[in-house]
Trainee: 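One structure, pasted below without further comment.
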Amino acid sequence: MNIFINLHSLLSFSQNLLRAASSASSKAAPAASGAPFRCTLFPGDGIGPEIAKAVQVIFQAAKVPVEWEHHTISTHAVTPGGDLISQEALDSVIRNKVGLKGPFATPIGKGHRSLNLTLRKALQLYANVRPCKSIPGYKTKYDDVDIVTIRENTEGEYTGIEHEVVPGVVENLKVITRAASARIAEFAFKYAHEVGRKKVTAGHKAAVMKLSDGLFLECCRDVAKKYPHIIYEEVNIDNAMLYMASNPARFDVMVMPNLYGDIASDLGAGLIGGLGLTPSGNIGETASVFEAVHGTAPDIAGQNKANPTALLLSGVMMLRHVGHHSTAAKIEDACLSTIREGKFRTGDLGGKASTTEFTEAICAKLR
Ligand code: NAI
């Protein structure tokens with residue numbers, strides 16, 4: 001019975017991610033399904049290079065026909081007055097249509113603009129899609145988390161338009177446009193429709209931010225009318241966080257402006273076991289970039305302790321995006337069964353395995 005439950009859950013987990021990735025990615029997918037492809041790789045800062053290396057090793061073991069194009073985007077490469085991200089790096093993603101990225105460090109409260117925001121804005125990666133689903137065999141408080149957060153990625157509170165009016169008074173402009181709100185609402189409903197999800201919840205604070213969040217809701221309502229078979233609801237973002245923490249099964253697909261989506265998606269990651277496990281896709285019209293949702297983990301960088309799962313599962317999303325479904329399923333199964341078996345788990349999951357040992361355990365299953 002237990003075996004059945006585990007296999008069944010694993011299967012639906014895989015199918016879910018598979019459908020999620022295919023649907024999320026339908027717009028900017030390269031033409032040839034299953035064919036050799038090029039991918040721009042940004043290893044990033046901190047643990048980024050270690051986990052990117054792990055993904056490359058695992059992809060090689062699975063014989064993925066990928067050619068990596070390495071480019072450096074890093075806080076250490078930023079020079080005063082220079083471009084935060086080189087045109088060469090942007091052109092590489094546009095040409096390849098897909099990229100895989102590790103985390104970028106961002107100076108807190110000072111220094112240059114966020115490299116993540118710059119990349120998302122430059123490539124118009126307007127939809128951040130994060131499937132947060134309980135991992136069979138890895139026990140957390142809830143076994144039934146199955147939420148997909150869809151976050152508007154280009155505007156809202158993260159425009160980066162801030163200024164000091166007078167000393168001691170600063171303004172930060174939250175920008176909500178009809179065009180971007182309608183685009184993300186359409187994406188969320190289309191996604192829900194294509195993967196057979198039943199409900200879309202819009203997170204907002206329109207009682208306070210009446211015009212901006214009000215416009216966001218107006219766009220969601222308009223789009224919802226086109227999808228009468230999908231339940232549409234609106235929940236205040238503070239209440240939504242309470243419900244997510246106390247009864248996550250209440251949610252299905254959630255669509256939100258930038259900041260709320262950022263917070264909700266990290267809460268979702270926490271519900272399934274932490275940031276080290278959660279993949280994501282930043283989807284645009286012309287290119288898509290897949291990334292782990294965690295940061296550079298400076299406390300463990302360079303120590304061979306990082307869990308590469310989030311970046312690996314982001315790579316799995318990318319593989320489905322380019323049509324390599326069976327290889328994607330093989331890698332995903334090898335990764336999830338390694339976690340489920342428990343012999344090689346990294347420290348964040350309560351184990352003692354190094355990044356290299358965990359990577360090797362996955363490769364051994366693939367060979
Ligand atoms: P963080 O995600 O780097 O670390 C939070 C905690 O989670 C740390 O204890 C870390 O060791 C652990 N952790 C994260 N990823 C892990 C992994 N794969 N395996 C094992 N443990 C892992 O968040 P923090 O400390 O707030 O941010 C550090 C830097 O990362 C900052 O400069 C921040 O701006 C940047 N950052 C970048 C992101 C991106 O590029 N998408 C996202 C979030 C933060």
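Atoms within each ligand, like the ligands themselves, are counted from 1 in listed order. As the structure is a prediction and not an experimental result, all values here were calculated from the model.
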Trainee: Would you say the side chains of T355 and E50 form a donor-acceptor pair under 3.5 Å?
Mentor: no
Trainee: Inspect the contact between D146 and R197 and indicate whether a charged nitrogen and a carboxylate oxygen are less than 4.0 angstrom apart.
Mentor: yes
Trainee: Salt-bridged, D266 to R130, with N to O below 4.0 Å?
Mentor: yes
Trainee: Regarding ligand 1, does F104 bring an N or O atom to under 3.5 Å of one of the ligand's N or O atoms?
Mentor: yes
Trainee: Side chains of T40 and N96: is there a donor and an acceptor less than 3.5 Å apart?
Mentor: yes
Trainee: Number the atoms of ligand 1 from 1 as they appear, then name those within less than 4.0 Å of a heavy atom of V293, with their elements.
Mentor: 42 (C)
Trainee: Identify the closest protein heavy atom to atom 42 (C) of ligand 1: which residue and atom is it, and at what distance?
Mentor: H294 O, 3.5 Å
Trainee: Which is closest to atom 29 (C) of ligand 1 by heavy-atom distance: T296, I51, L119, I73?
Mentor: T296
Trainee: Which of the numbered atoms in ligand 1 are below 4.0 angstrom from a heavy atom of L275?
Mentor: 2 (O)
Trainee: Testing the 3.5 Å rule here: is there a donor-acceptor pair between the side chains of Y227 and E186?
Mentor: yes
Trainee: Can you tell me how far apart CG (L41) and CZ (F59) are? Round to the nearest 0.5 Å.
Mentor: 10.0 Å
Trainee: Quick one: look up the protein heavy atom nearest atom 1 (P) of ligand 1 and list residue, atom name and how far away it is.
Mentor: G295 N, 3.5 Å
Trainee: Who's the nearest protein heavy-atom neighbour of atom 32 (O) of ligand 1, and how far?
Mentor: T106 N, 3.0 Å
Trainee: Does the protein place a non-hydrogen atom closer than 4.0 angstrom to atom 24 (P) of ligand 1?
Mentor: no
Trainee: Could you go through the side chain to side chain donor-acceptor pair (under 3.5 Å) check for D45 and T296 one step at a time?
Mentor: CA-CA 6 Å; D45 297 312; T296 60; over 6 Å; no
Trainee: Does at least one non-hydrogen atom of N116 fall below 4.0 angstrom from an atom of ligand 1?
Mentor: yes
Trainee: Which pair of heavy atoms, one from V93 and one from G99, lies closest together, and at what distance?
Mentor: CG1-N, 4.4 Å
Trainee: If you measure from the Lys or Arg side-chain nitrogens to the Asp or Glu carboxylate oxygens, is any gap between R183 and E285 under 4.0 Å?
Mentor: no
Trainee: Would you mind running through ligand 1 and noting each atom that sits below 4.0 Å from a heavy atom of N307?
Mentor: 17 (C), 18 (N), 19 (N), 20 (C)
Trainee: When you check the gap from the basic side-chain N to the acidic O, do E88 and R95 get nearer than 4.0 Å?
Mentor: no
Trainee: Return the residue, atom name and 0.1 Å-rounded distance of the protein heavy atom closest to atom 12 (C) of ligand 1.
Mentor: A297 CB, 4.4 Å
Trainee: For a quick check under 3.5 Å, do N116 and K101 share a side-chain donor-acceptor pair by atom type?
Mentor: yes
Trainee: Would you say atom 9 (O) of ligand 1 makes contact with the protein, given that contact here means a non-hydrogen protein atom less than 4.0 Å away?
Mentor: yes
Trainee: How far is atom 11 (O) of ligand 1 from the closest protein heavy atom, and which atom is that?
Mentor: D299 OD1, 2.8 Å
Trainee: Please confirm whether K305 approaches ligand 1 to less than 4.0 Å, judged on its heavy atoms.
Mentor: no
Trainee: Please list, in number order, the atoms of ligand 1 under 4.0 Å from a heavy atom of I300.
Mentor: 11 (O), 20 (C), 21 (N)
Trainee: Pull out every atom of ligand 1 sitting under 4.0 Å from any heavy atom of P298, numbered as shown with elements.
Mentor: 28 (C)
Trainee: Between R151 and N258 (side chain of the first, backbone of the second, donor and acceptor by atom type, cut-off under 3.5 Å), is there such a pair?
Mentor: yes
Trainee: On a heavy-atom basis, I'd like to know which of T309, I47, D348 is closest to atom 16 (C) of ligand 1.
Mentor: I47
Trainee: Using a 4.0 Å cut-off to any heavy atom of A306, which atoms of ligand 1 qualify?
Mentor: 19 (N)
Trainee: Please list the nearest protein heavy atom to atom 41 (N) of ligand 1 with its residue and the distance rounded to 0.1 Å.
Mentor: E291 OE1, 3.2 Å
Trainee: Can you name the atoms of ligand 1, numbered from 1 with element, that are less than 4.0 Å from a heavy atom of A105?
Mentor: 32 (O)
